[in-house]
Amino acid sequence: MKVLAIGDIVGNPGREMVKNFLDKVIKDLEVDLCIANGENSAVGNGITRAIANELFDAGVDVITLGNHVWSKKDVFRLFEEKAKIIRPANYPPGTPGAGYVIAYAKKQKVAVINLSGRVYLENLDCPFRAVDNELKALSKITNIIIVEFHAEATSEKVAMGWYLDGKVSAVYGTHTHIQTADERILPGGTGYITDIGMTGPYNSILGVKKEIIINRFISHLPEKFEIADGPAQFNGIILEIDESTGKTTSINRLIIK
Ligand SMILES: [Fe+2]
Ligand SMILES: [Fe+2]
């Protein structure tokens with residue numbers, strides 16, 4: 001089966017790219033399942049109910065989140081409604097929402113797990129122990145398991161890839177908004193890439209107006225972030241997974257701009 005994972009969708013420019021290109025990508029590349037990170041899809045980060053529905057209508061099957069999970073309070077209602085939208089699994093026990101979801105592709109169960117790194121991010125529970133915990137139950141349900149690791153440090157992400165090699169179908173990173181060129185299949189058959197990039201404004205700094213970020217670096221004065229306008233890009237990966245073994249047979253980056 002073919003799985004498309006879309007990198008952090010930023011604001012209206014990112015959502016427009018999804019609306020304009022997702023249908024074509026799904027048809028042309030014969031995508032069976034689409035996962036998208038929506039943590040920056042609303043203005044001021046987070047996700048609203050309307051935006052989640054807009055993404056689902058555009059062809060997204062599963063929405064993942066990250067450190068901006070709580071930025072819009074609609075997320076609590078989305079979690080209550082058991083929409084296919086997940087937050088990192090390593091939030092403390094009792095946190096609203098779930099850290100994984102079971103989706104269906106080609107009539108097969110696909111488990112999607114969302115995790116957050118802890119280096120230069122919130123000090124959540126250990127993502128390695130958290131994923132082990134989720135895998136105990138999920139590996140009895142399906143051998144097709146995809147892990148999105150929302151993390152900043154490349155070392156933490158590579159470590160997670162190797163830690164899970166042979167235990168899951170794929171591990172890919174999000175959060176940095178910069179696509180890395182290290183896609184590979186690890187020896188145990190796990191597809192891996194450190195970051196799948198961002199779907200949002202192209203002439204920007206991680207999606208934000210470049211002047212604002214440059215000023216912040218130079219002046220050290222606080223300034224409100226604004227989503228950049230102008231042309232946008234679509235970033236993601238296409239994984240091909242052997243349904244009988246759960247192993248990845250190919251991983252390719254996708255860049256549309
Ligand atoms: Fe992000
Ligand atoms: Fe993030």
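As the structure lists them, so they are numbered: ligands from 1, and atoms in each ligand from 1. Count residues from 1 along the sequence.
- The ring of Phe76 has its center closer than 6.0 angstrom to the ring center of Trp70.
- The local environment of OH in Tyr91 is crowded, with over 12 non-hydrogen atoms from other residues, nucleotides or ligands closer than 6.0 Å.
- Between Lys157 and Glu152, none of the side-chain N atoms (NZ, or NE/NH1/NH2) sits under 4.0 Å from a carboxylate O, so this pair counts as no salt bridge.
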Please walk me through it: do Val119 and Ser155 pass side-chain contact (heavy atoms from CB on, under 4.5 Å)? CA-CA 9 Å; Val119 178; Ser155 59; 5.7 Å; no
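- Judged by distance alone, the side chains of Asn67 and His175 do bring a donor and an acceptor atom under 3.5 Å apart.
- Around the Fe ion (ligand 1), the protein N, O or S atoms closer than 2.8 Å are Asp8 OD2, Glu39 OE2, Asn40 OD1, His177 NE2, listed by chain and residue number.
- With respect to the salt-bridge test (charged N to carboxylate O, under 4.0 angstrom), the residues Glu39 and Arg87 do not qualify.
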